[in-house]
There are 2 protein chains.
Amino acid sequence: MPTMTAAQQREQAKHEFDAFLADCPSRVVLERISDKWVTLVMASLSDGPRRFSELSRRLAGVSQKMLTQTLRTLERDGLVSRTVTASVPVRVDYELTDLGHSLQDPIKLLKAWAEDHVPDVREAQERYDAAHDAGKNS
Amino acid sequence: MPTMTAAQQREQAKHEFDAFLADCPSRVVLERISDKWVTLVMASLSDGPRRFSELSRRLAGVSQKMLTQTLRTLERDGLVSRTVTASVPVRVDYELTDLGHSLQDPIKLLKAWAEDHVPDVREAQERYDAAHDAGKNS
DNA sequence: CTGGATCCCCGTAGATACTG
DNA sequence: CAGTATCTACGGGGATCCAG
């Protein structure tokens with residue numbers, strides 16, 4: 001592998017990944033970012049750095065455990081940077097990296113779609129439930 | 001809570017579809033579409049109808065249970081239509097609805113991002129692990 | 001045979017309590 | 001304040017069984 005620069009390797013790798021194959025790296029990455037907490041955390045960090053407690057408050061319903069875990073994974077994947085300020089009390093800020101910012105557009109689109117189509121989904125659910133409940137009461 | 005100023009009402013309405021609030025409908029929808037199987041199934045259906053067995057084969061690694069469950073939810077949410085052809089053996093086709101198609105762009109963007117940034121993520125993981133393992137070997 | 005439901009096991013999310 | 005530790009419970013995965 002010495003006769004190939006990192007850039008060349010990356011360029012080649014780009015075209016070899018099909019997210020549908022089970023053990024394909026791109027699928028692993030896709031599964032990682034297709035996670036509800038990942039989506040929400042990334043969206044929460046879209047407008048600047050946030051402290052742990054801020055995220056915890058903003059993402060009502062997330063447990064500290066899952067928030068910590070999600071942030072660790074995002075940090076490991078290079079999407080989020082973690083900055084510890086050694087004061088009393090300790091202050092920890094999380095911020096999107098450049099790589100993290102590059103994921104913002106897809107996530108924002110997803111979030112926008114969700115907020116846009118709530119009525120459609122609800123209506124579909126009601127129709128489905130109505131048709132299904134009717135079948136049950138026979 | 002009956003006494004609410006117009007300003008307060010406007011402020012609340014603004015956040016009515018804010019995906020960060022725990023019990024907000026848009027958050028529920030966002031959580032639903034931020035699911036690895038949802039993403040993969042929706043992507044698999046992007047280029048036309050697919051039979052159950054086709055999906056099962058294409059999405060290597062998915063259990064029949066999760067595939068069925070995911071498809072049911074997507075059908076209930078109005079993103080996918082289910083067509084049963086009463087032949088022998090039975091043939092069941094799944095196809096994107098108009099609503100489902102409207103979700104294609106966000107999902108394709110997500111998938112493209114994953115396939116594009118595999119090298120970046122891998123590199124970040126290696127750096128993180130290296131830095132972290134170093135701390136462990138003390 | 002295809003599509004799917006059901007049962008059981010295990011991993012992981014989630015709530016709580018505790019610590020640097 | 002920002003986590004870790006522990007326990008429980010729910011949900012995913014595989015095997016098996018069922019209907020058409």
Closest nucleotide among C:dG3, D:dG20, C:dT16 to the B:V92 side chain: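 Among C:dG3, D:dG20, C:dT16, the one nearest the side chain of B:V92 is C:dG3.
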
Under 4.0 angstrom between A:R72 side-chain N/O and D:dT4 OP1 or OP2: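 Yes.
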
Phosphate-side-chain proximity, A:W37 and C:dT12, N/O vs OP1/OP2 below 4.0 Å: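 So the side chain of A:W37 is outside the cut-off, no N or O lying under 4.0 Å from OP1 or OP2 of C:dT12.
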
Whichever of B:V88 and A:L71 has its nearest DNA chain D nucleotide further upstream toward 5':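 Upstream on the strand: A:L71.
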
Atom of A:Q125, atom of B:R32 and distance for their closest heavy-atom approach: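 Answer, listing the atom of A:Q125 first, then B:R32: NE2-NH1, 3.4 Å.
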
Value in whole Å for how far the P atom of D:dC10 lies from NZ of A:K36: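 In whole Å, D:dC10 P and A:K36 NZ are 14 Å from each other.
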
Side-chain N,O (A:R51) to OP1/OP2 (D:dA2) below 4.0 Å: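 Affirmative; the distance criterion is met.
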
OP1 or OP2 of C:dG3 under 4.0 Å from side-chain N/O of B:S53: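 Yes.
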
A:M42 CE to A:K111 NZ distance, which is reported to the nearest 0.5 Å: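 The distance works out to 13.5 Å.
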
Whether over 12 other heavy atoms sit under 6.0 Å from A:R122 CZ: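 For A:R122, atom CZ is not crowded (no more than 12 foreign heavy atoms under 6.0 Å).
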
Phosphate OP1/OP2 of D:dT4: any A:Q64 side-chain N/O under 4.0 Å: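 For A:Q64, the contact criterion (side-chain N or O under 4.0 Å from OP1 or OP2 of D:dT4) is not met.
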
Closest to side chain of A:Q69, choosing from C:dG14, D:dG13, C:dA13: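 The answer is C:dA13, which lies nearest to the side chain.
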
Nucleotide C:dA5, atom C1' - distance to CZ of B:F52 in whole Å: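 Spelled out: CZ on B:F52 to C1' on C:dA5 is 11 Å.
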
A:D35 CG to A:L30 CG distance, which is reported to the nearest 0.5 Å: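 That separation rounds to 11.5 Å.
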
Rounded distance (Å) that lies between atom P of D:dC10 and atom CD of B:E31: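 Taking atom P of D:dC10 as the reference, CD of B:E31 is at 18 Å.
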
Sugar-phosphate only, base, or nothing, as touched by B:P89 at under 4.0 Å among non-hydrogen atoms: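 Touches a base.
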
Rounded distance (Å) that lies between atom P of C:dG4 and atom CG of B:D93: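 To the nearest whole Å, that distance equals 11 Å.
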
N/O donor-acceptor pair, side chain A:K65 with base C:dA13, under 3.5 angstrom: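 In this structure, the two groups form a donor-acceptor pair.
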
Modelled atom types, side-chain donor and acceptor of B:R50 and B:Y94, under 3.5 Å: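 There is no such pair between these side chains.
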
Spacing between A:L67 atom CG and D:dA2 atom C1', to the nearest angstrom: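 Distance check: A:L67 CG to D:dA2 C1' gives 10 Å.
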
Under-4.0 Å side-chain N/O to phosphate OP1/OP2 contact, B:R82 with C:dG4: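 Checking B:R82 against C:dG4: at least one side-chain N or O falls below 4.0 Å of OP1 or OP2.
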
Spacing between A:M66 atom CE and D:dC10 atom P, to the nearest angstrom: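 Rounded to whole Å, this separation is 17 Å.
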
Contact under 4.0 Å: B:R91 side-chain N or O vs D:dG20 OP1/OP2: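 Negative; the distance criterion is not met.
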
Spacing between A:R57 atom CZ and D:dG3 atom P, to the nearest angstrom: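 In whole Å, D:dG3 P lies 14 Å from A:R57 CZ.
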
Residue-phosphate contact under 4.0 Å: B:Y94 side-chain N/O, C:dG4 OP1/OP2: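 Yes, such a contact exists.
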
